[in-house]
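Okay, structure first, notes after.
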Amino acid sequence: MLSVSVFIMFLSIWCLYAISGKVEYVKTGLTLILSKNSRAATIGSLLLFAVSVVLLCLSYGLVAGIFSALVLWMTLASSIVLLAPAQRIKWFHIVIFLMATGTLEVLYF
């Protein structure tokens, strides 16, 4: 449940990053589509964030879920802001990270 929540939150932050007007970088693929449809991307991002917070609250309880959502939000947002302009984040890396965290989650929980 944690790996799914982290992935959903990553998508939420990526949607917000894609529609940011202050960021200067080459927009291609999904980022280009999101930047053209900023209202839909904003609504989608808020819905994804809400789903992620609900999943975390169901997993850890209300207060711990909200706290972990805020910590994840800050960590992922900082990582995206640092790595995305240099185009260091590839979809392959995201899939590998999701598979690794999913495997660890299944093994430990």
Side-chain angles (χ1 to χ4, degrees):
M1 184 95 75
L2 178 65
S3 59
V4 172
S5 181
V6 169
F7 184 68
I8 291 172
M9 193 169 291
F10 176 82
L11 290 177
S12 168
I13 297 168
W14 189 265
C15 288
L16 290 176
Y17 184 78
I19 63 173
S20 176
K22 296 179 181 180
V23 179
E24 300 272 335
Y25 68 99
V26 178
K27 296 180 180 181
T28 58
L30 182 63
T31 310
L32 182 63
I33 294 169
L34 290 173
S35 65
K36 288 183 179 179
N37 302 320
S38 63
R39 183 168 170 86
T42 303
I43 292 170
S45 175
L46 291 175
L47 288 174
L48 288 171
F49 180 70
V51 167
S52 177
V53 171
V54 167
L55 286 175
L56 286 171
C57 287
L58 289 174
S59 283
Y60 297 121
L62 183 64
V63 177
I66 292 172
F67 180 73
S68 61
L70 292 175
V71 169
L72 278 172
W73 178 268
M74 289 185 295
T75 305
L76 290 173
S78 298
S79 300
I80 289 174
V81 167
L82 286 173
L83 298 174
Q87 298 190 1
R88 297 282 187 214
I89 301 175
K90 307 287 186 218
W91 286 107
F92 177 74
H93 298 129
I94 297 167
V95 169
I96 294 296
F97 177 75
L98 183 63
M99 288 173 48
T101 57
T103 304
L104 290 173
E105 185 175 355
V106 168
L107 290 176
Y108 287 118
F109 300 109

>> Tell me whether Leu58 shares a hydrophobic cluster with Val4, the cluster being built from Ile, Leu, Val, Met, Phe, Trp, Tyr side chains joined at under 4.5 Å.
In response: no
> Got Phe10 and Ile80 here, is their nearest side-chain heavy-atom distance under 4.5 Å?
Replying inline: yes
> What residues, two or more places apart in sequence or in another chain, satisfy side-chain contact (heavy atoms from CB on, under 4.5 Å) together with Ala77?
Replying inline: Ile13
> What are the two closest heavy atoms between Val81 and Tyr17, and how far apart are they?
Replying inline: CA-CE1, 4.3 Å
> Who else is in the cluster with Leu47 when I, L, V, M, F, W and Y are joined by side-chain contacts under 4.5 Å?
Replying inline: Ile43
> What is the minimum heavy-atom distance between Leu72 and Leu56, and which atoms define it?
Replying inline: CD1-CD1, 3.9 Å
> Quick one: hydrophobic cluster around Ile96, which other residues, with the 4.5 Å side-chain cut-off, linked directly or via members?
Replying inline: Phe92
>> If the condition is ring-ring contact (aromatic ring centres under 6.0 Å, His included), which residues does Phe7 pass it with, not counting sequence neighbours?
In response: none
> Considering only heavy atoms from C-beta outward, does the side chain of Ile19 approach that of Arg39 to under 4.5 Å?
Replying inline: no
>> I want to check something: taking the side chain as every heavy atom from C-beta on, are Leu55 and Leu2 in contact at a cut-off of under 4.5 Å?
In response: no
>> Just to verify, what does Thr101 make a side-chain contact (heavy atoms from CB on, under 4.5 Å) with, not counting sequence neighbours?
In response: Ser3, Phe97, Leu98
> For the residue pair Val53 and Ala69, what are the closest heavy atoms and their distance?
Replying inline: CG2-CB, 3.7 Å
> Is there any side-chain hydrogen bond (donor to acceptor under 3.5 Å, both in side chains) pair reaching into residues 44-54, and which pairs are they, with sequence neighbours excluded?
Replying inline: Ser5-Ser52, Ser12-Ser45
> How would you list, by chain and number, every residue that makes a side-chain contact (heavy atoms from CB on, under 4.5 Å) with Val71, sequence neighbours excluded?
Replying inline: Phe67, Thr75
>> Can you tell me how far apart CE (Met9) and CH2 (Trp73) are? Round to the nearest 0.5 Å.
In response: 7.5 Å
> Excluding sequence neighbours, so at least two apart, what forms side-chain contact (heavy atoms from CB on, under 4.5 Å) with Leu70?
Replying inline: Ile66
